[in-house]
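Because the structure is predicted, anything quoted here is derived from the model rather than measured. Scope of the values below: all heavy atoms of this structure, side chains included, with no hydrogens, waters or symmetry mates.
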Amino acid sequence: MGSFPIQIYLIGLMGSGKSYWGRQLAFHFHYPFLDLDKGIEMAEKRTISDIFEKDGEKAFREKERQTLHQLTKDYSKFVMSCGGGTPCFFDNMEWMTSTGTVIWLKPPMEVLAERLITAKDKRPLIRHASNQADIVSILSNLMVDRLESYNQSHFIVEEPYPTIETFEKILNHA
């Protein structure tokens with residue numbers, strides 16, 4: 001484990017397991033867990049929804065970039081779950097790939113839709129979806145926009161239900 005990455009970023013679409021696996025990996029490897037969205041909310045003392053609603057997406061994305069850079073400087077090692085759009089703005093993806101190891105969590109769209117159907121009211125981008133097929137359609141459109149950024153990841157985990165061992169294998173080769 002000596003050559004293990006010390007800054008690990010998890011990216012992917014909503015429902016891909018970034019927060020879940022961020023907590024699991026941080027616990028397993030004894031690293032701090034950082035949730036980028038929570039970091040923004042703490043810095044701004046308000047919710048992401050409130051920032052979007054009152055300041056707009058452009059202002060949110062600027063705060064997201066500032067928080068990403070600040071957290072990376074504040075912590076020498078961590079596992080960070082990033083927002084689904086984080087890699088797609090400014091130099092965020094370049095920043096993450098140059099300062100740490102980026103893992104794209106990419107379960108099948110149907111698995112994402114299954115996970116998200118009961119939580120869609122908490123997810124503004126899919127709030128108005130009436131069924132899983134609608135969610136798959138929305139996520140597929142998001143993926144088209146994000147693919148170029150996501151493809152810059154160091155590793156891709158496509159398993160719908162990965163294990164700690166899945167991550168250990170890829171991180172041992174990082």
Side-chain angles (χ1 to χ4, degrees), residues 4-107 112 115-129 135 138-139 142-143 145-146 149-150 152-157 162 164 167 171 174:
F4 230 62
I6 57 170
Q7 295 184 329
I8 301 167
Y9 301 92
L10 301 179
I11 67 164
L13 291 173
M14 66 181 93
S16 62
K18 299 179 301 278
S19 295
Y20 173 81
W21 279 109
R23 283 191 287 278
Q24 297 299 315
L25 294 172
F27 178 80
H28 183 75
F29 297 124
H30 307 288
Y31 281 14
F33 169 62
L34 305 176
D35 181 312
L36 184 56
D37 283 349
K38 298 280 184 258
I40 296 165
E41 289 179 342
M42 285 175 59
E44 292 297 310
K45 296 179 179 45
R46 54 195 179 129
T47 66
I48 299 296
S49 298
D50 189 53
I51 297 167
F52 257 89
E53 195 176 298
K54 294 193 171 111
D55 302 351
E57 183 178 13
K58 186 176 187 291
F60 168 75
R61 294 298 177 190
E62 287 169 3
K63 293 172 194 323
E64 180 180 56
R65 179 180 181 271
Q66 291 165 1
T67 306
L68 173 68
H69 284 243
Q70 192 59 54
L71 287 172
T72 305
K73 290 173 185 167
D74 289 348
Y75 291 85
S76 60
K77 64 180 185 177
F78 57 76
V79 178
M80 181 187 295
S81 66
C82 301
T86 303
C88 308
F89 293 89
F90 302 108
D91 64 344
N92 292 348
M93 192 59 169
E94 183 183 333
W95 176 265
M96 292 186 293
T97 57
S98 67
T99 59
T101 298
V102 180
I103 301 172
W104 174 13
L105 302 181
K106 187 186 177 191
L112 294 178
R115 291 176 184 170
L116 292 166
I117 192 71
T118 56
K120 68 185 186 83
D121 294 338
K122 297 181 186 116
R123 308 279 189 156
L125 293 175
I126 60 167
R127 182 172 289 141
H128 302 294
I135 294 173
I138 293 165
L139 293 175
L142 275 175
M143 184 54 74
D145 294 339
R146 296 176 178 180
S149 297
Y150 284 12
Q152 296 173 49
S153 301
H154 296 105
F155 300 100
I156 302 173
V157 175
I164 286 289
F167 293 95
L171 290 170

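The minimum heavy-atom distance linking Ile11 with Cys82 is given by the pair CG2-CB, 4.3 Å. Of all non-hydrogen atoms in Leu68 and Thr86, the two that sit nearest each other are CD2-CG2, 4.4 Å. Shown here for Val157 and Pro162, the closest heavy-atom pair between the two residues is CG1-CB, 3.8 Å.
Ring geometry for Phe78 against Tyr9 counts as perpendicular: the plane angle is over 60°, on a 0 to 90° scale with 30° as the lower cut.
Side-chain contact between Asp50 and Glu44 is absent, with no heavy atoms from C-beta onward closer than 4.5 Å. In this structure, the side chains of Met80 and Pro32 stay at 4.5 Å or more apart for every pair of heavy atoms. For the pair Phe60 and Ile40, the minimum side-chain heavy-atom distance is below 4.5 Å. Side-chain atoms of Ser153 and Lys106, non-hydrogen and from C-beta on, never get closer than 4.5 Å to each other. A 4.5 Å side-chain heavy-atom check between Asp145 and Cys88 finds every atom pair outside the cut-off. Within the 4.5 Å cutoff, no side-chain heavy atoms of Ser16 are placed close to those of Trp21. Between Ile103 and Ile8 there is a side-chain heavy-atom pair separated by less than 4.5 Å. Between Arg146 and Pro87, the closest side-chain pair of non-hydrogen atoms is not below 4.5 Å.
In this structure, CZ in Phe167 is found 13.0 Å from OG1 in Thr101, a value given to the nearest 0.5 Å. Rounding to the nearest 0.5 Å places CG of Leu171 at 11.5 Å from NE2 of His154. To the nearest 0.5 angstrom, Met14 atom CE is 5.5 Å from Ile126 atom CD1. In this structure, CE in Met143 is found 6.0 Å from OH in Tyr150, a value given to the nearest 0.5 Å. Separating the CZ atom in Arg123 from the CD1 atom in Ile135 is a distance of 10.0 Å, to the nearest 0.5 Å. Note that the OG atom of Ser81 and the CG atom of Leu34 stand 8.5 Å from one another [nearest 0.5 Å].
Although no hydrogens or angles enter the test, the distance criterion places a donor-acceptor pair under 3.5 Å between the side chain of Arg127 and the main chain of Asp121. Counting only distance, with no hydrogens or angles, the side chain of Lys18 and the backbone of Leu13 share a donor-acceptor pair below 3.5 Å. The closest donor-acceptor contact from the side chain of Glu41 to the backbone of Ile48 lies under 3.5 Å. Although no hydrogens or angles enter the test, the distance criterion places a donor-acceptor pair under 3.5 Å between the side chain of Lys120 and the main chain of Ala129.
A salt bridge does not link Arg23 to Asp35: none of the charged side-chain nitrogens sits closer than 4.0 Å to a carboxylate oxygen. We find that Glu62 and Arg65 are not joined by a salt bridge, their nearest charged nitrogen and carboxylate oxygen being 4.0 Å or further apart.
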Applying side chain to side chain contact (heavy atoms under 4.5 Å, CB included), run through Val79 and His28 and close with a yes or a no.
CA-CA 11 Å; Val79 178; His28 183 75; over 6 Å; no
Which is it for Thr47 and Glu53 under the side chain to side chain contact (heavy atoms under 4.5 Å, CB included) test, yes or no, and what are the steps along the way?
CA-CA 10 Å; Thr47 66; Glu53 195 176 298; over 6 Å; no
Should Val102 and Met93 be marked as a side chain to side chain contact (heavy atoms under 4.5 Å, CB included) after you check the CA-CA gap, both sets of side-chain angles, and the distance that decides it?
CA-CA 9 Å; Val102 180; Met93 192 59 169; 3.7 Å; yes
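By the side chain to side chain donor-acceptor pair (under 3.5 Å) test, Arg115 is found to be paired with no residue, residues two or more places apart in sequence or in another chain being considered.
Within a 6.0 Å radius of CD in Glu57, other residues, nucleotides and ligands contribute more than 12 heavy atoms. Other residues, nucleotides and ligands contribute at most 12 non-hydrogen atoms within 6.0 Å of the OH atom of Tyr75.
No donor-acceptor contact under 3.5 angstrom links the side chains of Thr72 and Gln7, judged on distance only.
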